[in-house]
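Here's the structure we're looking at; comments come further down.
Per chain, numbering begins at 1; letters A, B, ... match sequence-line order.
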Amino acid sequence: MKIEENILNDVSRVSLEGRFDADTCDTVEAFIRERIEKGRSQFVLNMENVPFISSAGLRVVIIIARELRNEYQGDLHISALQPTVNKVFEISGLNNVLRIFDDAEDATLGFSK
Amino acid sequence: MQQSYNFPADTAVLAKIGELVANAGRSAGFDDIEIGDIQLALDEVCTNTIIHGLKSDHSKKFQLVIQWNQGEIEILIHESGEPFDPMDLDDPNLENLLEGPSAGGLGLYFLRELMDEADFRIGRDGVKTWRIVKRKA
């Protein structure tokens, strides 16, 4: 799993590349958690280059989003889901409780609206 | 067609297993979305097997058997680790995922939603077997 961060207007855009599964979920969680501890509370998780997500990856998304909302008045926006990954968000119902955007630009701008 | 493999109880093998079942799914005539369903279901079973059944002990192995005909794929996963019945897990509360106490149970839920058949048995020899089947709609 390759992870990159860009900060735009105080929003941390975290771009993932690779499978988001039980083998990589801890790496993603630790990466974001490290930035939360440094004071960041607004995140975009850009999944343009994620071809696969399992329940282990979804669990990290759920835990981080819950923590940001409940403890830091922040949020986790999701962007650029590939069709098979989008289907996983839909059948889990996460598309109803998270803000999901077509691309990372819109997901970043979504924090100022 | 049938293929059989032995893998160590290491989550690093999940990507390879995903590739193998995608190739089999394509040979059986499934489209990309259906292959995604099969990959997710198998990933959930293998993750469960590696982490809960075999405690991520890399010296232990599990067996994966993939067999398919046109329009149908059947996958068997055999392991003989710790006693664990995944069917004991409750379904997740999908209405309240961000507020509930845990996000557990999603894997088994996916399995039931995405596959036509998903069953689990423990043999007299203690070998646990998952069997999952998908047929083309």
Side-chain angles (χ1 to χ4, degrees), chain A residues 1-2 16-30 43 45 47 49-78 81-100, chain B residues 7-19 21-22 25 30-54 56 58 86 89 91-115:
Chain A
M1 168 70 79
K2 185 176 168 188
L16 308 181
E17 184 176 337
R19 290 166 52 94
F20 194 1
D21 61 11
D23 194 46
T24 58
C25 62
D26 289 347
T27 306
V28 177
E29 182 174 0
F43 288 84
L45 193 63
M47 297 178 64
N49 294 309
V50 174
F52 178 84
I53 189 168
S54 70
S55 66
L58 283 187
R59 183 179 161 277
V60 169
V61 170
I62 291 166
I63 288 171
I64 294 290
R66 180 192 296 166
E67 188 173 319
L68 288 170
R69 288 182 182 183
N70 294 346
E71 297 179 33
Y72 298 97
Q73 290 76 53
D75 205 354
L76 176 70
H77 291 178
I78 308 293
L81 297 180
Q82 294 188 18
T84 50
V85 174
N86 186 55
K87 181 176 179 181
V88 181
F89 274 76
E90 286 183 353
I91 60 176
S92 68
L94 268 184
N95 59 322
N96 295 321
V97 291
L98 293 175
R99 295 187 70 189
I100 298 175
Chain B
F7 287 104
D10 181 350
T11 53
V13 304
L14 293 171
K16 179 66 180 173
I17 289 172
E19 286 174 23
V21 80
F30 289 98
D31 64 30
D32 286 347
I33 291 289
E34 292 164 333
I35 288 171
D37 294 347
I38 298 164
Q39 285 181 305
L40 178 56
L42 180 56
D43 186 282
E44 298 295 347
V45 172
C46 291
T47 297
N48 198 295
T49 296
I50 291 167
I51 294 175
H52 296 295
L54 300 172
S56 298
H58 297 189
L89 289 172
D91 276 346
N93 180 357
L94 297 182
E95 300 295 316
N96 220 5
L97 271 179
L98 285 191
E99 306 301 328
S102 88
L106 270 175
L108 195 57
Y109 172 75
F110 289 153
L111 208 58
R112 290 172 176 148
E113 284 292 305
L114 299 175
M115 301 302 281

B:Leu114, part contacting chain A, at a heavy-atom distance under 4.5 Å: side chain

State which residue, out of B:Asp43, B:Asn48, B:Leu42, fulfils the side-chain contact (heavy atoms from CB on, under 4.5 Å) condition with B:Cys46. B:Leu42

Give the member of A:Thr84, A:Asn96, A:Val85, A:Ile53 that has the highest number of heavy-atom pairs under 4.5 Å with chain B. A:Thr84

Spacing of OG belonging to A:Ser92 relative to OH belonging to B:Tyr109, to within rounding of 0.5 Å: 8.0 Å

Does some side-chain heavy atom of A:Arg59 sit less than 4.5 Å from a side-chain heavy atom of B:Leu106? no

Roughly how far, to the nearest 0.5 Å, is CD1 of A:Ile64 from CG of A:Asp75? 12.0 Å

Most chain A-contacting option - heavy-atom pairs closer than 4.5 Å, from B:Ile50, B:Leu14, B:Ile51: B:Leu14

Does B:Asp31, at its CG atom, have more than 12 non-hydrogen atoms belonging to other residues, nucleotides or ligands within less than 6.0 Å? yes

Give the minimum heavy-atom separation between A:Met1 and A:Val28, together with the two atoms involved. CE-CG2, 4.0 Å

Heavy-atom distance under 4.5 Å to chain A: side chain of B:Asp32, backbone, both or neither? backbone

Residues which pass side-chain contact (heavy atoms from CB on, under 4.5 Å) with A:Glu90, listed by chain and number, not counting sequence neighbours: A:Asn86, A:Asn95

Taking side chain as C-beta onward, heavy atoms only, is A:Leu58 less than 4.5 Å from A:Phe89? yes

B:Gln39 portion near chain A, given a 4.5 angstrom heavy-atom threshold: both

Close approach to chain B in residues 16-24 of chain A, criterion heavy atom under 4.5 Å: A:Arg19, A:Asp21, A:Ala22, A:Asp23

